[in-house]
Amino acid sequence: MNMKRFVANWLSLPILAIAFAANAQVVPFDLEIGYRWLDLKGDTGMYRTQINERDGLLIHNFTLATSDFEGHNSLTDRFRIDVSDLGSGPAQSVRMEASRTGAYKLRLGYRSTDAFSALPAFANPLFDQGIVPGQHTEDRRRRMFDVDLELLPDRAIAPFIGFTSNDNRGPGQTTYHLGQDEFLLSQDLHERDREIRAGASFHFASINGQLTQGWRSFRGTESLSLASGAGNGNDPGTVLGQPVTATAITRTDQTHVSTPFTNFFITGQMTERVRLIGDYVRFSADSNGSESEAAAGSFASFAISRFYTGLTESATSSAKNKTSRGGARAEVNLTPHIDFLAGYQREERTLAGSALINDVFLQSILFSGFDRKDIATVLQATNGIDRTDEVLSAGISAHAVGPFSFRGEVRESQQDVTVSPDLSEIVVPGSQSGTFDRRIHTVDLNGAYTHSGFMLGAAVKHDSADAAIFRTDYRGRSRYRVRAGWMTPKKLFRAGVTAERTNQSNDDPGIGYDSKLRQYSGEIEVSPIEALHFRGSVSQFRADSNISIRFPQNFTIGQSVQAEDGNAREGGVSYLKGPFSIDASLSRFHNRGTLPFNIDRHKVRATWDFKNKTGLAAELDRDKYDETSGFFSDFNATRYGLYFRWRP
């Protein structure tokens, strides 16, 4: 960001706010502004992938709020601005609110996020040769703007209108398999999402609700081109003695999606003991896409048993997604502490898509060197899925029954799916198309005991299905969670432990899916005096999953295994006395799973208000990352920040 423009924009915030306040004598605000320095050693790409906090001028926070206009302003009687990490932060936000009692409420919001990804070991065929960073990287900037205006907020019917703008763009690089080799491509992405919505909130006696009608438009363009110096590809070998090279590769993908949507909910207190809730959601997404590609060089194709000097391709596609969901729920108060709950939900979804692809292989010749010609191929495909889900539920909720509370619910879900593929599919069991039914029974129980600072809670949820439709569906899933805690009066001491385990599986032939997730954690806090506070925590995470997969190159069956085994330790201390405060913490995360790595983090923040409502804040952050399998991704980053605090 240009420094002059940044400073001008920052200065305009309080100036505009004060002007908007129209001669008010007091405009209170809270400002923390300063500069952050970065000392980075090691892999810049991995640091930016994980943290991405850079050096530069930074508004840590800025808040201006007032309702004291002393009668000088007839436009608004409440005004507020909140700013967070504006400047060199990877996630920035600005929010403004203005309102006048009984007339309107206006909310403006701006958010900015920088997403960077450069993992040296991921999808990098040259990693073993010491070539980094990885060949799959991205550098994205997302900018979001929201405005919502509500009129007559205290009336029985309050109309509103809103608008959202969401832009995501930036460069990157990826790899592309063409002509029996893989080539590095430069990438440029631009996505634009716009949404306008309007509706009204209403409340009449004991009935209230809201109706929203909106329209969303998405446009995306992705441009790919052969990276400089990448014409020889990632494979240095030849095909039948012929080198595979590329002199030019270009590809452009364009997508346009139009989605009107409707949201509605209503709540009514029918009697003193009966409350009814209804909701309805519907959207219809219509997508159209086009693709053009051209390549020149020396390529080979075993599918057509030829060498060829270039390729041109064009493709058009369209897809529709129509979804509607509606339901009703009743809450009946049987006694002052026991409620009966019942509900019904139905969702219908229709997915349909088609694509037409034209390929022309230029100047192709047989592997023997004869029969030079152009070859054209045409592929047309149509696929569709119709899905209906119905969920019926009933339960009991008991609260404040002495030291006990309890909630239990049973649900039955019915899924009806019709699949009509045009190309071969491997996700549907038995055959490649047809109508499939799946019924899921769910029991969900949780309870708690609380007395004299002690708390003990447990939860059990079990799902069982009579069939699996898609490969990702489970036949059985169970989750168990136990929590316990104890706190002394005046919060001098507090401790708690949590244990959770989730299992899901599908033992159907050809799938063999099994997954286990276990999490254990404990924490403790001690405050020997009001100004001093100690804290510490330990946690362990372990996840194991495996599923049968079919290798596309030879169609044999193998196992995909994923394992993660990590533990975390954290400790900290904080002290607050008069104008001085300090907060320090240490943490370490160690993973021994499929991708082993260690993360060590240290953080210290101190503040000192040397004058009334004026002071300084200092921060020190250190992050150390290392992968036990190599050193290409390691980094050691230290950040220093010094900020001026002002609260007039």
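No hydrogens, no waters, no symmetry mates; every other heavy atom, side chains included, goes into these values. This structure is a prediction, so every number in the text was calculated from the model and none was measured.
For Y643, the side-chain contact (heavy atoms from CB on, under 4.5 Å) partners at least two apart in sequence or on another chain are E32, R36, L58, H60, A617, E619.
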Stepwise salt bridge (charged side-chain N to carboxylate O under 4.0 Å, His left out) check, K490 with E530: CA-CA 9 Å; K490 298 183 180 180; E530 184 178 358; over 6 Å; no
Trace of the ring-ring contact (aromatic ring centres under 6.0 Å, His included) decision for F597 with Y625: CA-CA 7 Å; F597 63 89; Y625 174 85; 5.7 Å; yes
side-chain contact (heavy atoms from CB on, under 4.5 Å) assessment of Y513 paired with R475: CA-CA 9 Å; Y513 174 60; R475 292 291 298 269; over 6 Å; no
Steps toward side-chain hydrogen bond (donor to acceptor under 3.5 Å, both in side chains) verdict (D82, T63): CA-CA 5 Å; D82 292 283; T63 299; 3.1 Å; yes
Intermediate values then yes/no, side-chain contact (heavy atoms from CB on, under 4.5 Å), D339 and H399: CA-CA 9 Å; D339 296 327; H399 49 90; 3.7 Å; yes
Derivation and outcome, side-chain contact (heavy atoms from CB on, under 4.5 Å), residues W37 and D39: CA-CA 7 Å; W37 294 266; D39 180 16; over 6 Å; no
Derivation and outcome, salt bridge (charged side-chain N to carboxylate O under 4.0 Å, His left out), residues R78 and E97: CA-CA 8 Å; R78 183 179 180 274; E97 296 183 9; 3.3 Å; yes
Test side-chain contact (heavy atoms from CB on, under 4.5 Å) applied to L517 and F541, step by step: CA-CA 8 Å; L517 173 64; F541 171 89; 3.2 Å; yes
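The minimum heavy-atom distance linking G170 with R140 is given by the pair O-NH1, 3.0 Å. Nearest approach of N506 to A468, heavy atoms of both residues: ND2-CB, 3.4 Å. Across all their heavy atoms, Y47 and A637 have their closest contact at CE1-CB, 3.4 Å. The minimum heavy-atom distance linking V391 with S413 is given by the pair CG2-OG, 3.6 Å. Scanning all heavy atoms of the two residues, the minimum distance from L576 to S581 falls at CD1-CB, 3.5 Å. Contact record, A618 with L642: CB-CD1, 4.3 Å, taken as the closest heavy-atom pair.
Between R349 and D389 the shortest side-chain heavy-atom distance does not fall below 4.5 Å. Side-chain contact between D565 and Q540: present, with at least one pair of heavy atoms (C-beta onward) separated by less than 4.5 Å. With contacts defined as side-chain heavy-atom distances shorter than 4.5 Å, the pair E331/R329 qualifies. Side chains of R542 and Y520 form no contact here, defined as non-hydrogen atoms less than 4.5 Å apart. Considering only heavy atoms from C-beta on, F29 stays 4.5 Å or farther from T66 through its side chain. Side-chain contact check for S574 versus R535: some heavy-atom pair is nearer than 4.5 Å. Contact check for E150 versus D148: no side-chain heavy atoms found under the 4.5 Å cut-off. A heavy-atom distance below 4.5 Å is not found between the side chains of R142 and R111.
Put simply, NZ on K603 and CG on D621 are 4.0 Å apart, with the number rounded to the nearest 0.5 Å. Considering CZ of R645 and CD1 of I33, their distance stands at 14.0 Å, rounded to 0.5 Å. To the nearest 0.5 Å, the span separating CE on M455 from OG on S405 amounts to 9.5 Å. Distance CZ/R569 to CZ/R588: 10.0 Å, rounded to 0.5 Å. Rounded to the nearest 0.5 angstrom, Q504 CD and D473 CG are separated by 10.0 Å. How far CG of N168 is from OG1 of T113: 7.5 Å, rounded to the nearest 0.5 Å.
Residue pairs meeting the side-chain hydrogen bond (donor to acceptor under 3.5 Å, both in side chains) criterion with at least one partner in residues 442-451, sequence neighbours excluded, are T442-D463.
Of the N and O atoms on the side chains of N208 and T267, not one donor lies less than 3.5 Å from an acceptor on the other residue. Counted by atom type alone, T164 and R197 present one or more donor-acceptor pairs between their side chains at under 3.5 Å. Counting only N and O atoms by type, the side chains of Q562 and E564 include a donor and acceptor under 3.5 Å apart.
Side chain of D634 to backbone of E627: a donor-acceptor contact under 3.5 angstrom is found. Not a single donor-acceptor pair under 3.5 Å links the side chain of R481 to the backbone N or O of E500. Without hydrogens or angle criteria, Q92 side chain to G87 main chain gives a donor-acceptor distance under 3.5 Å. Distance alone, capped at 3.5 Å, is enough to place a donor-acceptor pair between the T49 side chain and the A118 backbone. A side-chain donor-acceptor contact under 3.5 Å links D43 to the backbone of M46. Checked by atom type and distance alone, the side chain of N333 pairs as donor or acceptor with a backbone atom of T335 at under 3.5 Å. The backbone N or O of L492 lies less than 3.5 Å from no partner atom in the side chain of S527, so there is not a single donor-acceptor pair.
Within 6.0 Å of atom CH2 in W646, 12 or fewer heavy atoms from other residues, nucleotides or ligands are found, so the atom counts as exposed in its surroundings. Heavy atoms from other residues, nucleotides or ligands lying under 6.0 Å from CD of Q269 number more than 12. By the neighbour-count criterion of 12 heavy atoms within 6.0 Å, atom CD of Q559 is densely surrounded, having more than that number from other residues, nucleotides or ligands.
A side-chain contact (heavy atoms from CB on, under 4.5 Å) with D623 is found for exactly one of E53, R601, Q50, H602, namely R601. Checked against K624 for a side-chain contact (heavy atoms from CB on, under 4.5 Å), the options N598, D600, I599, T638 give a single hit: D600.
Taking 4.0 Å as the cut-off between side-chain N and carboxylate O, D114 and R143 count as a salt-bridged pair. Between R518 and D544, at least one side-chain N (NZ, or NE/NH1/NH2) sits under 4.0 Å from a carboxylate O, which counts as a salt bridge.
Under a cutoff of 6.0 Å and an axis angle of 45°, R438 and Y474 form a cation-pi pair.
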